[in-house]
Amino acid sequence: QGYNCEMEEPTTPVRQQHKFNVGRLQRYLTAKTLLSNNGTLTVRQYSAGQSNPTFLIQTPSNSYVLRKQPPGELLPGAHKVDREYRVQKALFSVGFPVPQPLLHCADIKVIGTEFYLMQHVKGRIFRDLRLPGVSPAERTALYVAAVEVLAKLHSLDLPSLNLEAYGRGPGYCRRQVSTWTKQYTAAAHRDIPAMNELSDWLMKNLPASDNEVTLVHGDYRLDNLIFHPTEARVIAVLDWELSTTGQPLADLAYFLMPHYWPASLSVITGIPTVGDLISIYCRCRGIPPALPQLNFYLALSVFKMAGIAQVCTKFQQPLTGPTKDRLFLQTAKGQAVLQQVKDFMRQYVLPAQKVSSKSCQEQRGCKPWLTFSLCIIVCVCVQIKAREAGLWNLFLPAVSGLTQLDYAYIAEETGRCVFAPEVFNCQAPDTGNMEVLHMFGSEEQKKKWLEPLLRGEIRSCFCMTEPDVASSDATNMECSLHRDKDDYIINGKKWWSSGAGNPQCKVAIVMCRSGSWDVKIRHSQHSMILVPMDTAGVKLIRPLTVFGQDDAIHGGHFEVHFENVRVPASNIILGEGRGFEIAQGRLGPGRLHHCMRAVGLAELALELLCQRAATRHTFGKKLYQHEVIAHWIAECRLMIEQTRLLTLNAAHALDTLGSRAARKEIAMIKVAAGRMACKVVDIAIQVYGGAGVSGDVPLAQMYSYVRTLRIADGPDEVHLSSIANLELRDQLKKAQAKL
Ligand SMILES: Cc1cc2nc3c(=O)[nH]c(=O)nc-3n(C[C@H](O)[C@H](O)[C@H](O)COP(=O)(O)OP(=O)(O)OC[C@H]3O[C@@H](n4cnc5c(N)ncnc54)[C@H](O)[C@@H]3O)c2cc1C
């Protein structure tokens, strides 16, 4: 398993306005010996909208990147691709990380504009500066690597690069203010007084050190860097369009600018503070660790960004990088995996669902164990294919390289089939248990339990709820844990342990009371411990039914008794009294997955509803022609869309703020998704009439599942209380901030 996060820059077919003559390019590259005589090449365009259109050129043996001027009217001094080529060539020659430049072509007859070609570098590009899906430690390392490379750039000797005359040198800040004022004025649709004021202020406050000169990048930001696929190392700095010679601190401030935006990067765990980044930069360059005129450089950066935005708007170039609102955008990898999952669902999972439910119906009544086995067999066959296709453990960011937001979209797809999560090894309660072991398990626990769970070789269950106490208040749990030398002894009763009846279920995570009852320390008297299912004293008492039916596909929800169960002390997770801490980490992502699946399930219910409403007649009309039913359809669409947005918002909060800070968002979707799915399926049942509650359509089974969502993982009422508490806390903070 690769514990890393790899992101490929997305490409699309070449956009209409950027199409060029590929045959002519082919002949040109053949003449330059970059392509063999009969070699073919494919051309795709990078979807990120750079001001110079950029293309991925693939030959049978090599991949190149071509950068060209855009077609049409160009601003004077802009789009100088020959300069990009020149600076990259100089930098490559001294081992600075840039893609190897291969050729520059000034002959516009070849593809219509000047262009240059460089080697394609494979690695990770982080479009989201918050680096979701990356551990806090790696986040730190990536930011440090970026600032170190910037310091290296600014430490290079211009004469030995033969770049002394590359730019105009001293007076860079003055020139920047004047250039961007002109660019902005030329592109502006209307006068913006704040921009004029800022331009004046900048001109009046130029730094005394404006004569310092190094090579500067001019657009140095994290998403212009390619990182090594697995290491926190910059392997290429891209986009040299704005490079020149001048004051290097302008580059540094530009890189630090996102730290000052309203959704500051500083609150994200692992991203170094501005102070830390400045001190690393200064140390690398051997200069004093203070930037007296940082405010000026930041203001210049913001001014320049506004100027670029104005120019891009005029020439209708899509904005990239920090200016674009990235809320709810998947990563490139997320988009690709989602497409794969959709294809896989269509090709294998949904047909398999049809086969298994048909067989189940044929067998119904006489041999329930056979119907269950059939589902399992079908599921296992498809599972093997999913694993081969790499569609495996998609729920765990550290393993899949996906963000929670990426996975939320995927979970919606899998919500359309009852056993789809199993197919991709993304089923509860194993997902939550794997998350616990990944986040809190010791190395030994990971090796023994997490690894086989990730490989799909074993299954697990989670034993928290107890029959004798109200378990929505988890501080009530009574199952006891006592230390006896090198062991712990467990005694108590659990029920609703989902999956405990699966023959592959080899381990349980059990929540136990390890401390004595003390109201002051309510949340530190419980512990979580790993119990192998074959330990003496673990007794499977009975499976519980859901609405009177077996829930066998999930391995049954069992009542389990623990009678003097003895396990090694090393089985405790994180330590005694840490149970609530673990529960907090476990439940956030798990709830999110359930909710997004509920959205997918509701989509299916609405699809079925519309099919029925469009084909069945009563009182001389099709069902949907009765206004009440048309309104139900509309209400369902409203509810689904609202819940999807709320859920994506929670996924985004989880990615960017972490489980603890996203508690309110998670509690909100837990209530909203269950309610919404129940309502939509209930309406669909009503529209189907008697068929709706029968086994002939899947609605009754869907209802039974979504109704449990309002209870499992804590009932709605408990979540509503949490939302209210958190809301009151936020309001109080707001009021205090105003004082
Ligand atoms: C299909 C399914 C699968 C499950 N899987 C698992 C599993 O794998 N592992 C596991 O440990 N558990 C599992 N559970 C159990 C589930 O988490 C519990 O049922 C749930 O937490 C509620 O606990 P309880 O049943 O003891 O209800 P109680 O705590 O007895 O609560 C009953 C009702 O009291 C009301 N109530 C409670 N607190 C408040 C409050 N503060 N304000 C207002 N009203 C309140 C609510 O209406 C609530 O529904 C599963 C449950 C189901 C239905």
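The structure presented is a predicted model; accordingly, all values stated were derived computationally and were not measured. Counting convention: from 1, in listed order, for ligands and their atoms alike.
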> Would you say Arg459 and Lys506 make side-chain contact, with heavy atoms under 4.5 Å?
Replying inline: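 They are not in side-chain contact.
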Around [atom], find the nearest protein heavy atom and jot down its residue, atom name and distance.
| atom | answer |
| --- | --- |
| atom 35 (C) of ligand 1 | Glu717 OE1, 4.5 Å |
| atom 12 (N) of ligand 1 | Thr465 OG1, 2.6 Å |
| atom 31 (O) of ligand 1 | Ser472 OG, 3.4 Å |
| atom 17 (O) of ligand 1 | Asp713 N, 3.3 Å |
| atom 19 (O) of ligand 1 | Ile711 CG2, 3.7 Å |
| atom 49 (O) of ligand 1 | Pro715 CB, 3.4 Å |
| atom 3 (C) of ligand 1 | Ser498 OG, 3.4 Å |

> Taking only heavy atoms of Val718, which atoms of ligand 1 are found under 4.0 Å from at least one of them?
Replying inline: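 In order of numbering, the contacting atoms are 38 (N), 39 (C).
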>> Within ligand 1, which atoms have a heavy atom of His557 less than 4.0 Å away?
In response: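 Under 4.0 Å from His557, ligand 1 has these atoms: 1 (C), 3 (C).
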> Quick one: which of Ser471, Ala428, Ala712 has a heavy atom closest to atom 51 (C) of ligand 1?
Replying inline: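 Of the listed residues, Ala712 has the closest heavy atom.
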> Looking only at non-hydrogen atoms, which of Phe462, Trp495, Trp496 approaches atom 50 (C) of ligand 1 most closely?
Replying inline: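 Selected option, by shortest heavy-atom distance: Trp496.
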> Looking at Arg578 and Glu581, does any basic side-chain N land under 4.0 Å from a carboxylate oxygen?
Replying inline: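 Looking at Arg578 and Glu581, the cut-off is met.
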> Ring centres of Phe395 and Phe424 under 6.0 Å apart?
Replying inline: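 No, ring centres 6.0 Å or more apart.
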>> Tell me if the centroids of the rings in Tyr407 and His593 come within less than 6.0 Å of each other.
In response: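 Distance test on ring centres: under 6.0 Å, yes.
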> Would the number of heavy atoms belonging to other residues, nucleotides or ligands and lying under 6.0 Å from CG of Asp486 be above 12?
Replying inline: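 Counting neighbours around CG of Asp486, 12 or fewer heavy atoms of other residues, nucleotides or ligands fall under 6.0 Å, so no.
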> Quick one: does Gly714 get a heavy atom under 4.0 Å from ligand 1?
Replying inline: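 Per 4.0 Å heavy-atom rule, Gly714 contacts ligand 1.
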> So which bit of Met511 gets within less than 4.0 Å of ligand 1, heavy atoms only: side chain, backbone, both or neither?
Replying inline: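 No part of Met511 is near ligand 1 at this cut-off.
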> Could any protein non-hydrogen atom be found less than 4.0 Å from atom 33 (C) of ligand 1?
Replying inline: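 False for atom 33 (C) of ligand 1.
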> What is the ring orientation for Trp496 with His557, classed by angle as parallel under 30°, tilted 30 to 60°, or perpendicular over 60°?
Replying inline: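 Tilted: the ring planes of Trp496 and His557 meet at 30° to 60°.
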